[in-house]
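First up is the structure itself, then whatever we jot down about it.
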Amino acid sequence: MAKKKKKMIKLNQSIRHFFGDEGFDEGIERLPSEVLIALAHTLGIFNGTTDKATLIKTFRRIWSEGETDNREMIVAFFKNEGKIYPNPKPKEKPHEREEKIDELLEAFEITPDERRALHAAFIDIRTRKITAEKIAGKLEHIRYTHKREALEKALEGKFNFDDTLEYYAPITYHVEGESFSKIHVLKTPPLNEKRLHEETLEVLVPEITELKSELTRQKQEQINLFLSSLNFRSHRYLTQEQIITALKSAPPSVQTYGMLNGDILRDVLSRHFHTELASSTNDDLIIEIDKELNLPHRHEPFEYSLSLHLDAAELSRQIWNEEELSVSAMIEEQSLHVERGFLSELEHLVNECRERSKLLEMDEESLYAIVYELLLPYLTLTPHISSKTTRKVLFAFDQRNANELLKRQRQALLARTVRDFKNLFPLARSLRRRLIFHTGPTNSGKTYTAFQQLKKAGTGYYLAPLRLLALEGYESLRDDGVSASLITGEEQLLDEDATHISSTIEMLSFETEVDCCVIDEVQMIDDRDRGWAWANAIIGAPAKTVIMTGSPNAREAVIALAEYLGEPLEIIEFERKNPLELLNSATPITAIEPKTAVIAFTRSNALRLKQQLSKTYRTSVIYGNLSPEVRREEARRFREGETDILVATDAISMGLNLPIKTLLFSKADKFDGQNQRNLTATEVRQISGRAGRYGLSEKGYVGALTADVLKTISSLFTKEIEPITLPFNVMANFDHIMLVSNILEERSLSAIVDFFVQNMKFEGPFRAANLESMQEASAIVDRYDLDMRTKYTLATAPLSTSSPLVMAAFERYVRALEQKKPIAYIPPRALGNYALSMEELQEAEDRIKEISLYLWLSYRMGEYFVDAEKARMFRGELNRFIENSLQQSHFVPRCKTCGKPLAPNAEFAICQSCFNNLNRAKAQQTRPAGAEKRYTSKRR
């Protein structure tokens, strides 16, 4: 501030140089019109007027505003011009002014002090403006001022502008047996101005002194009365100590009572209103109250701080007099005023935004959400939308609108580009493909026949639904002398001379042309999570002959796809090679024969059944959470007769060749990832078809462990299978993702996947896939600085989002990839011989999934995932650990609460004792007072 003032003084001195030592306002009048016009052009303010008076007025205003930049430009103009505009009037000579003053003073009878004062008063006045009348008026003022000063000194007071005398009066206080004096500021009524001028000091001083004494006496009586009325011992707001302290420490005042200090006011406010004093001055108190305001179309309230200004004197008066304090009413009144004003400002802003976004046709919820997103960062804790904030929000809103309109145009372009989904697979479209569909029930030879044709082809692809089946296909090809490679997500056995590839369906390469491609279990196109892989494969497999195998309910779906593709389709129907017979009665668990498979639908039920059956039978177990290696080993043990009974989930329904004579259902319902529901006819047929393998038994038998389950299974077994419904799920590959990214100029993979799922409309029987796991993974990788290919690779990895262990490992991998650091495999702690608890087995299964994820990524980013061999070694150890655990007859599920073993037929995760304790606790919480302490509880 001081620096700016110094600069302004320098500029004022500079301009006086060009105006003959006169200021800007005087000097500007002497400039010719052409100079004024040139100056206006220089400052950029010329508006076409050439009127000299208008120009002078404009320049005076600009100079008086005191803007440093403008003044610098004006001074620079005159420096460049190099001219001086001197004052045409001759300067007065100082001695002429002094001579005139002395000449006029000769007519007055004055003292030397009065002469000096008058001389000083007129020395800077122009000579022609000095007159005898002005000197006489000034002399009278000087003499009256001296008289007032003499009166103030004699009366020990001070005259105010209204001729009242203000003085200090000593007042005595008698408080609780203690006496002390305080100074009070007293004022007389306004005194007669004429008498003050005309009367002498000898007359005025005694009169005013007597008036002072009377006023002091009256004040003493007021104080005595005030003190006698004070409730020292039970004051509404003040303690006795605070009263005495306030009386002693109050500064001189005209009030009977003194203003309370900040500490006492703070204490009263905190005790009676639970409100702290934010700050205080001599006259004002400021309190800040945290408030909440519910805003339209917003779930969370807006939190703001209300600053309330209180009059310290008025608040002190209310406290001294024990009146009802007005703070609460003021808080409500001011908060209501502030909130109404804010909501009005908000409504005005929203209306303006609504008007500017008509083309986008936004609903109210979306409109308000955008306004809040742009507005709230500017508000902090202040409920006020200034004009500056409004301009900023509207500017950002306009930019957002423009971007949204551009984005919608790009989305329309994208939709036109990829709407016909089949065109996203150019190599497949360039081939004259022939489609063949082998359809029939299980054990009908449809996959075997397809394999025979695949082996005869010069080059070929086998696409399996499971890694285990891909491995079986690979071994079958090699056993028949066909050079083959195995490609799954986490394992690649590559042969440079291979003519055939056996892989899981998600690993299909759409850029490798072959003669024949076999797509197994094509009814999986209806799967909620993985169906997109079958749809993509049927549409985009780059093979001259595409052979699909699947159950009859896929027939209509395959026909619809062939018609969409415009490719010829041959349907070959197969009959089951040996019959299936439905058992008439339930099979008790104690009467199960060897070569029987018992079907459960959850991991926990499978383990409970194994525990129960292991007391009588040698038992294998297969469920989806097991690694392929363990599943294969358990299947081998059953196939080769090392075990008599197989307990399995519906994971065996896809193509596992097992010597099952009888298949028994333990339940007729399952959890499908979203809901607990009854089995469908298709599922019952598919699972039942695993019984009675051709060449191993003449007939297969299907039944259930209980009568109620058998009744449900029987009705579904004979029910006509419903065809797969349209549309099909489809999913874009990386090239499609990049197409969306480039057209939308979007770098967030999560946003691209969301757009693909929610907005893409296709010609043909398709819809964007519902890929929750990929969307969840995309949201994670978007938090890191990675290129789009790396993000896509990570998002399509086999990620078990329900496993905290796998998700923690995934996050570690992504962080390391962002830093471009090598990623080591961290092995588990030392393993025992087998799991001692369900949790320990679950952890081992999750460790296998973690290894699968690591190996899957190592095949795609081997330069970072450097411990693939180490991971494979520990996978072998973990598989052995799990296999040993499954073979332990004493390995049982335990209560999640107390850890005790659960009963073999237990349906719940806690034991009966813990269940009863839980019910007792609930009953005690809900039982009304006085009720009898008797209750019963039954588990449903």
Side-chain angles (χ1 to χ4, degrees), residues 288-308 331-419 739-761 768 775-776 778-779 782-783:
E288 292 185 353
I289 304 99
D290 293 331
K291 300 281 288 182
E292 289 186 347
L293 173 61
N294 292 321
L295 299 179
H297 298 287
R298 190 168 189 262
H299 299 299
E300 296 180 3
F302 171 60
E303 298 178 351
Y304 71 94
S305 181
L306 177 67
S307 294
L308 188 63
I331 292 172
E332 290 306 313
E333 181 181 353
Q334 188 163 337
S335 62
L336 185 62
H337 174 74
V338 168
E339 290 174 3
R340 281 177 176 172
F342 176 70
L343 290 174
S344 176
E345 294 166 349
L346 176 63
E347 183 180 5
H348 173 75
L349 177 60
V350 170
N351 287 339
E352 183 66 27
C353 291
R354 185 183 293 110
E355 186 66 25
R356 296 179 180 214
S357 60
K358 280 185 176 179
L359 289 176
L360 294 176
E361 298 180 346
M362 275 191 277
D363 59 76
E364 287 295 285
E365 196 82 22
S366 301
L367 176 62
Y368 272 90
I370 294 173
V371 171
Y372 290 142
E373 179 186 340
L374 300 175
L375 172 65
L376 293 181
Y378 290 110
L379 296 183
T380 59
L381 294 176
T382 306
H384 170 59
I385 307 175
S386 65
S387 57
K388 185 177 181 181
T389 298
T390 299
R391 289 195 300 271
K392 289 181 177 180
V393 171
L394 290 176
F395 177 76
F397 188 82
D398 287 342
Q399 283 190 316
R400 191 183 186 113
N401 280 356
N403 292 336
E404 184 64 25
L405 285 170
L406 181 60
K407 184 176 181 180
R408 291 194 180 186
Q409 291 170 358
R410 288 172 176 161
Q411 288 176 350
L413 171 63
L414 178 63
R416 290 194 299 271
T417 304
V418 300
R419 182 171 290 142
L739 178 65
V740 176
S741 175
N742 292 333
I743 292 179
L744 297 186
E745 294 185 359
E746 178 63 69
R747 296 295 172 262
S748 165
L749 179 59
S750 178
I752 294 171
V753 174
D754 286 345
F755 172 81
F756 193 89
V757 170
Q758 297 172 12
N759 300 302
M760 292 309 297
K761 307 297 181 187
Q775 287 170 307
E776 187 173 344
S778 298
D782 273 339
R783 299 200 298 263

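Counting from 1, the numbers follow the sequence of the chain as shown.
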With ring-ring contact (aromatic ring centres under 6.0 Å, His included) as the test, would you mind laying out the steps for Phe342 and Tyr304 before giving the verdict?
CA-CA 11 Å; Phe342 176 70; Tyr304 71 94; 7.9 Å; no

Give me the atom names and distance for the closest heavy-atom approach of Ser750 to Ala779.
CB-N, 4.0 Å

Looking at Phe397 and Cys353, what are the two nearest heavy atoms and their distance?
CE2-O, 3.2 Å

From CG (Asp754) to OG (Ser778), nearest 0.5 Å
8.0 Å

Least distance between heavy atoms, Glu300 atom then Arg298 atom
O-NH1, 2.8 Å

Quick check: are there more than 12 heavy atoms from other residues, nucleotides or ligands sitting under 6.0 Å from CD of Glu347?
no

How long is the span from the OG atom in Ser748 to the CZ atom in Arg783, to the nearest 0.5 Å?
12.0 Å

Criterion side-chain contact (heavy atoms from CB on, under 4.5 Å) on Ile370 and Met362, from CA distance to verdict:
CA-CA 10 Å; Ile370 294 173; Met362 275 191 277; 3.4 Å; yes

Smallest heavy-atom separation, Gln775 atom then Val753 atom, equals CG-CG1, 3.5 Å

Can you tell if the side chain of Leu394 reaches within under 4.5 Å of the side chain of Leu349, non-hydrogen atoms only?
yes

Validation row: Ser741, Arg747 side chains within 4.5 angstrom (heavy atoms):
yes

With heavy-atom distances below 4.5 Å as the criterion, would you say the side chains of Leu379 and Tyr372 are in contact?
no

Can you tell if the side chain of Leu343 reaches within under 4.5 Å of the side chain of Leu295, non-hydrogen atoms only?
yes

Is the NE2 atom of His348 crowded by more than 12 outside heavy atoms at less than 6.0 Å?
no

I'd like to check Val350 versus Pro296 (side-chain heavy atoms, cut-off strictly below 4.5 Å). Are they in contact?
no

Within the structure provided, determine whether Val338 and Leu293 are in side-chain contact (heavy-atom separation under 4.5 Å).
no

Would you name the heavy atoms of Glu339 and Glu292 that are closest together and state the gap between them?
OE2-O, 4.0 Å

Side-chain touch Phe302/Leu376, heavy atoms, less than 4.5 angstrom
yes

Nearest non-hydrogen partners of Asn351 and Arg354, listed with the distance:
OD1-NH1, 2.6 Å

What do the steps show when you test Asn401 against Ser357 for side chain to side chain donor-acceptor pair (under 3.5 Å), and what is the final call?
CA-CA 7 Å; Asn401 280 356; Ser357 60; 4.8 Å; no

Here the gap from Arg356 atom CZ to Arg400 atom CZ, rounded to the nearest 0.5 Å, amounts to 15.5 Å

If you measure from CG on Leu367 to NE2 on His297, what distance do you get to the nearest 0.5 Å?
8.5 Å

A side-chain contact here means heavy atoms from C-beta on lying under 4.5 Å apart; do Val393 and Ile385 qualify?
no

